[in-house]
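Small disclaimer: the values here were computed from a predicted structure and weren't measured.
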Amino acid sequence: RRVPFVRVLGREYPTDRMTNISPAIVGKLPLKLHSRPNHPLGVLRSFIESHFPSYSRIDCLDSLSPVVTPKQNFDLLSFPKDHPGRSLTDSYYINKELMLRTHTSAHEVDIFSCGETQWLLTADVYRRDEIDASHYPVFHQTEGARIVSADSHGMDQIRHDNAELEQHLRRSNIIIQDVPHLSATNPCQPHHDPEHTKLVAANLKLSLNSLILGLFGGRLNAGEPLRVRWIEATFPWTTPSFEVEVYFRGKWLEILGCGVIHQSTLDHSNVPNKLGWAFGLGLERIAMVLFSIPDIRLFWSMDPRFRSQFKQGEITTFKPYSKYPACFKDISFWLPGDTTLHDNDFCDLVRDVAGDIVENVKMTDTYTHPKTNRKSVCYRINYRSMDRSLSNDETNVLHAQVASRLRDEFGVEIR
Ligand code: PHE
């Protein structure tokens, strides 16, 4: 039943057993929300870029395609062969040789190889996921990195910058909950000088604390300090690694991952004598709280009531317009003998049929027949348009399409 080719961004690619990219996803690839000046993602991107004025802006429109090899996305970054991110249930594959990048880190080696030493890249990334108000299979990240020569000259540069950043932060109303730069569980790399690594980790933390202060600091109640929490983390291509959380409007919000880049990644980039850091920050998460955007689908809305609310250079509060009524529909079915249907497979199918009219999808029940051992599942789909009122008939048509495609593509028996 497979089509022999898929057309992605104007090019045809042969399909194979790995192909799992759906037309709904292919349609998102040209949209480039982060490059629209009056879109919240474009506004946030520009804000971050203006915070790092001396960093090169890598323009992914010209050179860096979202279609990458698993080598770029995983291998060059030392992901183990059995890492779950590689699976068909988590990532979109065009075929066994090509996939959609799951993070902007997929371009680190390309960019360092071009000789860039401090840079920012904002781009769309793709991960198979469930459907709810904060998950969408396409989202946006800003990757930032800085490398300096791994010698006394590079370290002097870092020391100098650290002193300046420390002074700036000391004068600000910010409370930072830190972790040590290095620890037994977050060690220095074998070939690195621990003193150098500590300086670089300090530069990473100071640079990001200052960005976070710029983003959130001015939006708190008068006198309220900004609270930032650093946590140890692990990423296959950085050590030590960290995650950062920010306390904003009563919640801890995880906003980025970062760390000191592995020697092997720098070796792959032909810059073996450098030392430095990288971070990757999720734009939707941050934009949703900064602009008070309640549903991640809104970023994709063409409704002028959404689009007209944002302007270049301004972080403003979104004023919600009235919601149209929701319509729940359940679907229960028997899975054929040995088949499994991953939640992400079900959600991709529903998205392909109904697009952004699906607000969320929940598995509400599973049942195994005691005699036949057959498994039955029930999902509840919540249909709601953000832009108009849906008729019950229209929703029924969509729901029937979900049922018939489930039958055709997964051989299920609708109950
Ligand atoms: N790419 C990581 C993610 O998507 C974030 C990251 C970037 C971590 C750079 C370390 C260094 O979660």
Side-chain angles (χ1 to χ4, degrees), residues 43-57 117-120 142-148 153-183 186 195-233 240-260 275-283 285-287 289-292 312-317:
V43 175
L44 181 55
R45 171 200 185 164
S46 309
F47 191 99
I48 296 166
E49 288 177 346
S50 62
H51 190 83
F52 291 102
S54 62
Y55 283 54
S56 317
R57 293 151 201 208
T117 56
Q118 39 186 41
W119 52 266
L120 294 170
T142 295
E143 189 94 0
R146 177 183 192 194
I147 50 174
V148 297
H153 177 71
M155 292 310 117
D156 282 346
Q157 228 175 304
I158 295 276
R159 260 188 221 99
H160 169 266
D161 294 353
N162 286 359
E164 226 165 62
L165 285 162
E166 264 161 15
Q167 210 178 47
H168 161 65
L169 287 165
R170 217 177 293 124
R171 285 194 304 258
S172 315
N173 196 7
I174 180 169
I175 299 178
I176 299 158
Q177 196 177 317
D178 205 356
V179 286
H181 299 328
L182 291 173
S183 75
N186 211 12
E195 289 316 310
H196 290 186
T197 300
K198 281 188 204 166
L199 280 171
V200 168
N203 186 250
L204 167 64
K205 290 175 176 174
L206 289 162
S207 306
L208 290 173
N209 285 333
S210 147
L211 170 68
I212 293 165
L213 184 67
L215 281 171
F216 294 90
R219 272 159 272 280
L220 299 168
N221 301 326
E224 189 187 341
L226 178 64
R227 292 206 278 156
V228 179
R229 179 155 88 180
W230 286 76
I231 301 165
E232 278 188 9
S241 307
F242 309 96
E243 264 160 17
V244 183
E245 297 180 345
V246 178
Y247 193 75
F248 195 66
R249 306 222 169 106
K251 279 196 196 116
W252 284 102
L253 178 74
E254 191 196 307
I255 58 164
L256 65 86
C258 62
V260 176
L275 180 61
W277 49 254
F279 70 82
L281 169 155
L283 292 186
R285 279 225 188 145
I286 298 177
V289 308
L290 282 183
F291 295 86
S292 304
Q312 204 164 8
E314 288 174 30
I315 296 183
T316 46
T317 302

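Evaluation of the ring-ring contact (aromatic ring centres under 6.0 Å, His included) rule for Phe47 yields no partner, not counting sequence neighbours. For Glu164, the side-chain contact (heavy atoms from CB on, under 4.5 Å) partners two or more places apart in sequence, or in a different chain, are His160. In this view, Asn162 and Ile158, Leu199, Ala202, Asn203, Leu206 satisfy the side-chain contact (heavy atoms from CB on, under 4.5 Å) rule, not counting sequence neighbours. With sequence neighbours left out, Glu254 forms a side-chain contact (heavy atoms from CB on, under 4.5 Å) with Glu243, Glu245, Arg285.
Taking OG1 of Thr317 as the start and CZ of Phe291 as the end, the distance is 9.5 Å to the nearest 0.5 Å. Taking OG of Ser50 as the reference point, atom CZ of Arg45 lies at 12.0 Å (rounded to 0.5 Å). The SG atom of Cys258 sits 4.0 Å away from the CG atom of Leu204 when rounded to the nearest 0.5 Å. Remark: Leu44 CG to Leu290 CG distance equals 6.5 Å, nearest 0.5 Å. Here Trp252 contributes atom CH2 and Gln177 contributes atom CD; the two are 5.5 Å apart, rounded to the nearest 0.5 Å. Atom NE2 of His181 sits about 10.0 Å away from atom CD of Glu195, to the nearest 0.5 Å.
Contact of the Glu314 side chain with the Val43 side chain is not registered, since no non-hydrogen atoms from C-beta on lie closer than 4.5 Å.
Across all their heavy atoms, Gly280 and Glu143 have their closest contact at CA-OE1, 3.9 Å. Taking every heavy atom of both residues into account, Arg249 and Ser292 meet most closely at NH1-OG, 3.4 Å. Closest of all the heavy-atom pairs between Gly144 and Leu120 is CA-CD2, 3.8 Å.
Listed by first and then second residue, the salt bridge (charged side-chain N to carboxylate O under 4.0 Å, His left out) pairs that reach into residues 203-213 are Asp178-Lys205, sequence neighbours excluded.
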Side chains of residues 211-228: which donor-acceptor partners sit under 3.5 Å, not counting sequence neighbours?
residue : atom : partner : partner atom : Å
Arg219  : NE   : Leu215  : O            : 2.9
Arg219  : NH2  : Leu215  : O            : 3.0
Asn221  : ND2  : Glu224  : OE1          : 3.4
Glu224  : OE1  : Asn221  : N            : 3.4

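Under a 3.5 Å cut-off, the side chain of Asn186 and the backbone N or O of Ser241 do form a donor-acceptor pair.
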Would Val148 and Trp277 satisfy side chain to side chain contact (heavy atoms under 4.5 Å, CB included), going step by step from the backbone distance to the final call? CA-CA 9 Å; Val148 297; Trp277 49 254; over 6 Å; no
Does the ring-ring contact (aromatic ring centres under 6.0 Å, His included) test come out yes or no for Tyr55 and Trp119, once each step is laid out? CA-CA 5 Å; Tyr55 283 54; Trp119 52 266; 9.0 Å; no
Check step by step if side chain to side chain contact (heavy atoms under 4.5 Å, CB included) holds for Leu208 and Trp230. CA-CA 11 Å; Leu208 290 173; Trp230 286 76; 3.9 Å; yes
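Screening Val200, Thr117, Asp161 against Arg146 for a side-chain contact (heavy atoms from CB on, under 4.5 Å) leaves a single residue, Asp161.
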